[in-house]
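The structure appears right after this line, and notes come after that.
These figures come from a predicted structure and were not determined experimentally. We count residues from 1, following the sequence as given.
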Amino acid sequence: MLNRRSLSASVFFSGSLCGRSDHSAKDAQMHLHLLRRGSLNLRTRNGAVRHIDGPSLIFFPRTQDHRLDAGEPPGAELVCARLTFTGPEADLLLLGLPELLVIPLDRPSGFGPVVERLFDEAFTPAFGHGAAVDLIAELLLVMLLRHCIAEGLTEGGLLAGLADGKLARALVAMHGRPAEDLSIEQLAGIAGMSRSNFAAAFKHRVGTSPGDYLTSLRLALAKQALLQGKPLKTVAPLVGYKSATALARVFQRQLGCGPRDWLAQQQERAEADDT
């Protein structure tokens, strides 16, 4: 799944923050802040204020206006990054995460060494350190997703399903073979469960039925292919539909419009963003 994604990070601040710093939802798909030392108050879009003291990872998986307030000097030592995560399965991967994650860095975690390396690069400028911190921030996001699965920090969605060893096998099959006619019986067999237990566990963990999830996955893959300029008749069999008409019906049912109208909407949005 991660091989079919486009992940990029841009570290835009590293140093001591005194006073306030506002961050806009328009800047990036996700924001990551790493508090190295000091303390700050975090104000989210609903007006809630959270005090954060000591080394911490602050992660906004979805766009959200927020403010960091480090108060008077000496303030807080921070590394801040904007993250974008695109591709047909990016939304499915991020769907189950809470709006905000705050993880103290003094607790054992698999990404601790990555954070330390990021701090070293960010606060010790050397040849290529700008490119290095961006790449390490990308690695940190992958490690953070792994941590969320291991610690059960998800609230449904793909990551919650992957946290269950049996459901994970079925999800990997769906994502690896989306064009195959995978029935619930087949998926239950892959998971090593009875049909009824599999369907119930999948709905409980992921938040939707196996059939609806597979439809969402196929639609996401179809959207990506259409945006790349592939014709509908070519895309349909790649995502498990026998004809362009069958895929068009799914678009209409799920999105309320056909593939051509959907593409036109995407083009209009892209032109509006450019202006």
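V235 and L247 get closest at one heavy-atom pair: CG1-CD2, 4.0 Å. Taking every heavy atom of both residues into account, A9 and E138 meet most closely at N-OE2, 3.4 Å. Closest approach of A132 and E121 over heavy atoms only: CB-OE1, 3.8 Å. A236 and S243 make their closest contact through CB-O, 3.4 Å (heavy atoms, listed as atom of the first residue, atom of the second, distance). Residues L97 and C148 share a closest heavy-atom pair of CD2-SG, 3.7 Å. The minimum heavy-atom distance between G38 and L35, with the atom names listed, is O-CD2, 3.7 Å.
Using a 4.0 Å cut-off between charged nitrogen and carboxylate oxygen, D65 and R45 do not count as a salt-bridge pair.
A continuous path of hydrophobic side-chain contacts links L153 to V206 [ILVMFWY only; heavy atoms under 4.5 Å]. In this structure, L118 is a member of the same hydrophobic cluster as M30, with clusters built from ILVMFWY side-chain heavy atoms closer than 4.5 Å.
For the pair R36 and F123, the minimum side-chain heavy-atom distance is below 4.5 Å. With contacts defined as side-chain heavy-atom distances shorter than 4.5 Å, the pair V79/F13 does not qualify. Looking at P210 and F198, their side chains come closer than 4.5 Å, going by heavy atoms from C-beta outward. Considering only heavy atoms from C-beta on, Y213 comes within 4.5 Å of L171 through its side chain. Within the 4.5 Å cutoff, the side chain of I103 has heavy atoms near those of the H147 side chain. Side-chain contact between T84 and L7: absent, with no pair of heavy atoms (C-beta onward) separated by less than 4.5 Å. Counting only heavy atoms from C-beta outward, the side chains of V239 and P178 never approach each other to under 4.5 Å. At a threshold of 4.5 Å between non-hydrogen side-chain atoms, the residues F60 and E99 do not count as touching.
R146 forms no cation-pi arrangement with F111, by the criterion of a distance under 6.0 Å to the ring centre and an angle within 45° of the ring axis.
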### Pair Q254-T215, side-chain contact (heavy atoms from CB on, under 4.5 Å): steps then yes or no
CA-CA 9 Å; Q254 298 290 327; T215 297; 4.0 Å; yes

### Message
Please determine whether side-chain contact (heavy atoms from CB on, under 4.5 Å) holds for the pair R20 and L68, giving the CA-CA distance in whole Å, both sets of side-chain angles, and the decisive distance to 0.1 Å.
### Response
CA-CA 6 Å; R20 301 184 308 189; L68 302 177; over 6 Å; no

### Task
In sequence, state the C-alpha distance, the side-chain angles, and the governing distance for L40 and D53, and then conclude on side-chain contact (heavy atoms from CB on, under 4.5 Å).
CA-CA 7 Å; L40 52 82; D53 190 25; over 6 Å; no

#### Entry: Test side-chain contact (heavy atoms from CB on, under 4.5 Å) applied to L162 and L158, step by step
CA-CA 6 Å; L162 291 174; L158 174 57; 3.9 Å; yes

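Here the straight-line distance linking atom CG of L83 with atom CG of L141 works out to 5.5 Å at 0.5 Å rounding. We find the NE2-CG distance between H51 and D69 to be 11.0 Å, quoted to the nearest 0.5 Å. The distance from atom CG of L238 to atom CZ of R218, rounded to the nearest 0.5 Å, is 12.0 Å. One distance of note links CD1 of I190 with CG of L182; it measures 6.0 Å at 0.5 Å rounding. Once rounded to the nearest 0.5 Å, the distance linking NZ of K223 with CG of L219 reads 5.0 Å. Atom NE2 of H175 is separated from atom CG of L214 by 9.0 Å, given to the nearest 0.5 angstrom.
With hydrogens and angles ignored, the 3.5 Å screen pairs a side-chain donor or acceptor of S56 with a backbone N or O of G54. Counting only distance, with no hydrogens or angles, the side chain of Q186 and the backbone of S183 share a donor-acceptor pair below 3.5 Å. S216 contributes a side-chain N or O that, together with a main-chain N or O of D212, makes up a donor-acceptor pair within less than 3.5 Å. S24 contributes a side-chain N or O that, together with a main-chain N or O of K26, makes up a donor-acceptor pair within less than 3.5 Å.
The only member of I58, L140, L101 that meets side chain to side chain contact (heavy atoms under 4.5 Å, CB included) when paired with L32 is L140. With H66 as the fixed residue, the side-chain hydrogen bond (donor to acceptor under 3.5 Å, both in side chains) test singles out one of R43, H31, H33: H33. Applying side chain to side chain contact (heavy atoms under 4.5 Å, CB included) to R117 and the options L139, V133, I136 leaves one that passes, I136.
More than 12 heavy atoms of other residues, nucleotides or ligands lie within 6.0 Å of CD in Q228, so this atom counts as buried by the packing criterion. By the neighbour-count criterion of 12 heavy atoms within 6.0 Å, atom CZ of R169 is densely surrounded, having more than that number from other residues, nucleotides or ligands.
Between H23 and F12, the ring center distance clears the sub-6.0 Å criterion.
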